[in-house]
Colleague: 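Below are the C-alpha cells for one structure; questions will follow.
Remember, it's a predicted structure, so these values are computed and weren't measured experimentally. Below, chains carry the letters A, B, ... as their sequence lines are ordered, and counting in each starts from 1.
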Amino acid sequence: MSSENGQAAGGAKGAPPEQLALIRESVRKAEVPRAKPRTWRGAALAKELPVARVLVDKGALHLDRYFDYAVPEELDADAQPGVRVRVRFGAGRHRVREGRREGGGLIDGFLVERLAESDYSGPLAALAQVVSPEPVLSEELLGLARAVADRYAGSLADVLQLAVPPRSARAEQRSSPAALPPPPAPEPGSWSRYEQGPAFLESLARGGAPRAVWNALPGPGWSEELARAVTATLASGRGALVVLPDGRAVARIDAALTALLGRGRHAVLTADAGPEKRYAQWLAVRRGSVRAVIGTRAAMFAPVRDLGLVAVWDDGDDSHSEQHAPQPHAREVLLLRAAQDRCGFLLGGWSCTVEAAQLVETGWARPLVAGRERVRGAAPLVRTVGDGDFARDEAARAARLPTLAWQVVREGLRHGPVLVQVPRRGYVPRMACARCREPARCRHCAGPLEARGFDDLRCGWCGREESGWHCPECGGFRLRAQVVGARRTAEELGRAFPAVAVRTSGREHVLDTVPAAPALVVSTPGAEPVAEGGYAAALLLDGWAMLGRPDLRAGEDALRRWIGAAALVRPQSAGGTVVVVAEPTLRPVQALVRWDPVGHAVRELAERAELGFPPVSRMAAVSGPGRAVAEFLRAVELPGEAEVLGPVPLPVTAAGQQRRPGGPPPGEHWERSLIRVPPGRGAALAGALKAAQAARTARGAGEAVRVRIDPPDIG
DNA sequence: AGCACGCCGACT
DNA sequence: GTCGGCGTGCTC
C-alpha cells in the first residue's frame, strides 16, 4: 500500500479505488469527482493498516458512527486498537492553511480498529495525537458497551464514559504489580447450608459457568459466601467481579476476601477513592495484575480479564441504577456480560426481586436456596400488628405503638439492641380501596389511580379519567389516600424508654455497627447498622407508608426493606423477634411472616405477566415538554405490538424542591408517555426510540425529549 | 451542537 | 456584480 502521494482519485480512469485520500487542496468538485489525495504535509503514513477507525467522543451527536482517520507513520506504533486518541472533528469544508488542514477543534476519541482501507469516499484527515499507548478499550469492553447502549437506547459514547475512567497520566506511569498465581480452591464453608451450594462452588472452581439466583439466609454469612465464590473462580484461573449496592457492603466483602486470600488478589473499585487512585486500580485490573474486583455500580464495567463469574448483591437496591445516561442497571449489565463472556452468574440477596424470579422462571438461572428447616432456623420470629391492635394502654398510645410492639421492644431491650425501622420522608400517597386497601388501578391499562384534586380521579399512566370506580376485590366504592408515616415515632419512642440510649442511623449519619449492649437503634431503610451478635428485636413501623407508594414495586420494595432489617436480628431460637406494623393480610406482610421472599417474587411475577407489566413486558418512558413528546410520538416508528400509554402531565417541580433525575426543571410543565412491548420486543423498542431520537437531534428539531428504558417509577 | 455552504434579494 | 440574510446539511 503506497502512502506517498499514493492515491489516484478513484473512478474515472479506472484506477483502483484508493481510499486513503488525505488533504483536499481547494479542489472543486466540478474538476475532480473525488478529492485529489496527497500526503499530509509530506509526512508518510503507516505502511500497514493506514486507516484508523475512531469512535469520536462527542455525546449524543455522533450517534454511534465511527469515523475513519489516516494514521501518520510516526503514530503507527502507538495507534493500536483501544487507545485514546485526539482528532480534528469539525463541520463542513475545511480551511486549508499553510498546507495543513484545519477542521473543528481537537476532540477525544477511542481508536477502535486498524484497517487497510476506508469505506469513506472522501479524503481522510490524519490522527492528531495518540493520547497514550495504553489500550484502555478492549474488544470485550467495546462489545459490552455496545450491547448496553443498544439495550438502553443510548449512545456508545455515553456508555463508554461510564465504562472507562478519565485518564490520569501519573497512574498510567506507575507499573502494576505482577499477578499472583491462582489460589487453591476453597472449602464450601457455609455454602453447605444451601442445597446446591457446594456444587455451585465446585463448578466455578472447575472452570464451569453456573448461573444462579441465590436467596441468602438471614444473618452475616453472605459476605463470606460471596468471598468463597470469588475464590473458587480465581482457583480456576479466571477472574471474578462482584457489584454491591453501597460502600458498607463493599467493605464487608473486602474484609471477607482479605481474610480468605490476603491482600493483593482483589481490587476495590468505589467512587470515593480519588480519580488517580481509581484509575490506577482500574488499570491494574485491565493489565491483569488483579483478577478479582469488588465495588459499587461503576465496577460493573471493570475490565476483568477472562471473566469466570459476575455477581450482584441485593439487586433490588435502587443504587444499582446508574444515574448517568443511559442509566443502565448493574444487574442488566452483568446479565449482558454473562451472556457475552459465557461466564458464571450469581444474583444474591436476602430478598428476591421479580427480575430474579424471572431468571429462574425462564430457566436461565437455577435457584440456590436453603431448605425450609434451615430458613426457619436462621430467621427471627415475625409477628404482625394491624390497625385494629392499636394501643389500649396509655404509655404505648403516647408512642403511637400497638401493645404488642411495645412489649417486644421492652423485652428485647433486656437482651440487647433493638432496631426500629422508620420510613424516609417524601413518599407520595396514592389511592386505595377504603375497605380492603387494594390499590386502585385503571380499568384500561391497570396504571395507578391518582387524585388530581377534589373529585378528579385519573390514571397516572394513560391519563384516563375514572368516574365510577369500585374495588374489584371487595366491591367497595370508597377510596382513601394512603397514610404517609411519621418519623416522630422515634423521638416518642425514646421518651417512652427514658433509661435506654437512642442511636440513629440515616441519610446523613450512617452507622456501620452498634455494640451488643441494649440500645434503641432508629434507622431508615438501608441504613441499618449491623449489631454485634445480632439485634434482640426489630420494630418495623409504618408499613402503610412503604406499601402506599405510588409504585409498581411498592410491595416488593417493602418486603425487601423489612427483610433487610429483619435479617440483622438474631434467629428465633436465640430469642430474635420482629414486629411489623402493617395489615397482616397483605401479601408482602405474609411473605415476611413466612420468610418466603422467593414465593412472593414468583407470585408478583405471575401477576405482572398477566397485567402486562415489566419485567415481563418491557417499558420505556418518553418525557419532555408536551409538544416535544407529541412530536416524538408522531415521528417514532414503533414495532407493531407496542402500546403507547398517555401522555400524562408530570408533577411540576416546585422552585425550592430538588429536581428528580429525569424530571422537569423547576416550573416547567412536562408530560410523560409510557410505551410497552411484549416479551422479546425490547430490542426493537429500544432501536426504534434511538432512531427517532437520532433523527430529532440531527434535525435539531424542537425541544429535547428524554427517553428512559425501564423507567423506575411507573406507578 | 457548531459551522460552512449556497440560494436569493438589496446594495455600491 | 457582490454582500450577506439565514435555511440545510455535514462532520472521516
Side-chain angles (χ1 to χ4, degrees), chain A residues 1 3 6-7 9-11 17-41 43 45-46 49-72 75-76 79 81 83-97 100-131 137 154-158 160-161 325 624 628 635 690-707:
Chain A
M1 169 114 345
S3 56
Q7 293 79 27
E18 180 49 70
Q19 308 288 351
L20 230 197
L22 277 179
I23 309 261
R24 178 172 52 176
E25 197 113 273
S26 4
V27 183
R28 279 186 206 90
K29 285 177 187 156
E31 293 168 16
V32 184
R34 245 204 227 169
K36 186 180 173 189
R38 294 183 60 218
T39 42
W40 175 57
R41 254 206 152 179
L45 293 178
L49 305 177
V51 175
R53 188 147 279 179
V54 172
L55 176 80
V56 169
D57 191 8
K58 208 165 178 272
L61 301 173
H62 52 62
L63 304 161
D64 291 4
R65 288 167 52 217
Y66 294 134
F67 291 90
D68 289 349
Y69 286 81
V71 182
L75 296 183
D76 183 24
V83 300
R84 302 179 210 251
V85 293
R86 310 200 79 199
V87 294
R88 292 207 175 274
F89 188 82
R93 317 304 155 256
H94 296 262
R95 297 178 292 278
V96 174
R97 205 176 288 160
R100 193 186 293 258
R101 176 182 181 175
E102 312 215 343
L106 277 177
I107 60 171
D108 294 319
F110 294 98
L111 199 164
V112 165
E113 204 180 356
R114 288 279 298 265
L115 301 166
E117 307 189 331
S118 169
D119 50 16
Y120 181 61
S121 57
L124 298 185
L127 289 179
Q129 189 192 345
V130 172
V131 176
L137 183 60
S155 79
L156 191 53
D158 278 349
L160 287 177
Q161 203 143 38
K690 189 168 172 177
Q693 187 73 302
R696 274 179 70 79
T697 43
R699 261 184 292 113
E703 299 143 298
V705 298
R706 284 164 189 278
V707 170

Colleague: Take the protein atom CG of A/L55 and the nucleotide atom P of C/dC12, then report the distance between them rounded to whole Å.
Modeller: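 Atom-to-atom, A/L55 to C/dC12, this comes out as 14 Å.
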Colleague: Determine whether a donor-acceptor pair (N or O, by modelled atom type, separation under 3.5 Å) exists between the side chain of A/Y69 and the backbone of A/R88.
Modeller: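 Side chain of A/Y69 to backbone of A/R88: a pair is present.
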Colleague: Between atom CZ in A/R86 and atom C1' in C/dC12, what is the gap in whole Å?
Modeller: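 Value for this atom pair: 17 Å.
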Colleague: Take the protein atom CZ of A/R88 and the nucleotide atom C1' of C/dC10, then report the distance between them rounded to whole Å.
Modeller: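 About 18 Å, once rounded to whole Å.
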Colleague: With A/R86, which residues qualify under salt bridge (charged side-chain N to carboxylate O under 4.0 Å, His left out), at least two apart?
Modeller: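 For A/R86 the salt bridge (charged side-chain N to carboxylate O under 4.0 Å, His left out) partners, ignoring immediate neighbours, are A/D108.
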Colleague: Round to a whole Å and report the spacing from OH of A/Y66 to C1' of C/dT11.
Modeller: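 Taking atom C1' of C/dT11 as the reference, OH of A/Y66 is at 17 Å.
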Colleague: Tell me whether A/F67 and C/dC12 count as stacked here, given that the ring centres must be under 5.5 Å apart and the planes must differ by less than 30 degrees.
Modeller: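 Stack criterion not met.
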Colleague: Once you round it to whole Å, what is the distance between P of B/dG2 and CZ of A/F89?
Modeller: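 Going from A/F89 (CZ) to B/dG2 (P), I get 12 Å.
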Colleague: Grab the CG-P distance between A/D119 and C/dC12 for me, whole Å please.
Modeller: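 Rounded to the whole Å, the gap is 15 Å.
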Colleague: Is it the case that the side chain of A/Q693 and the backbone of A/G154 share a donor-acceptor pair, with hydrogens and angles ignored and the cut-off at 3.5 Å?
Modeller: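 Looks like no, no N/O pair under 3.5 Å.
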Colleague: Whole angstrom is fine here: how far is it from CG in A/D108 over to C1' in C/dT11?
Modeller: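 Whole-Å distance recorded here is 17 Å.
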Colleague: Counting distance only, does the side-chain N/O of A/R114 pair as donor-acceptor with the main-chain N or O of A/L49 below 3.5 Å?
Modeller: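 Flag set: sc A/R114 to bb A/L49 pair under 3.5 Å.
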Colleague: Between atom CD1 in A/I107 and atom C1' in B/dA1, what is the gap in whole Å?
Modeller: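 One finds 11 Å between C1' of B/dA1 and CD1 of A/I107, rounded.
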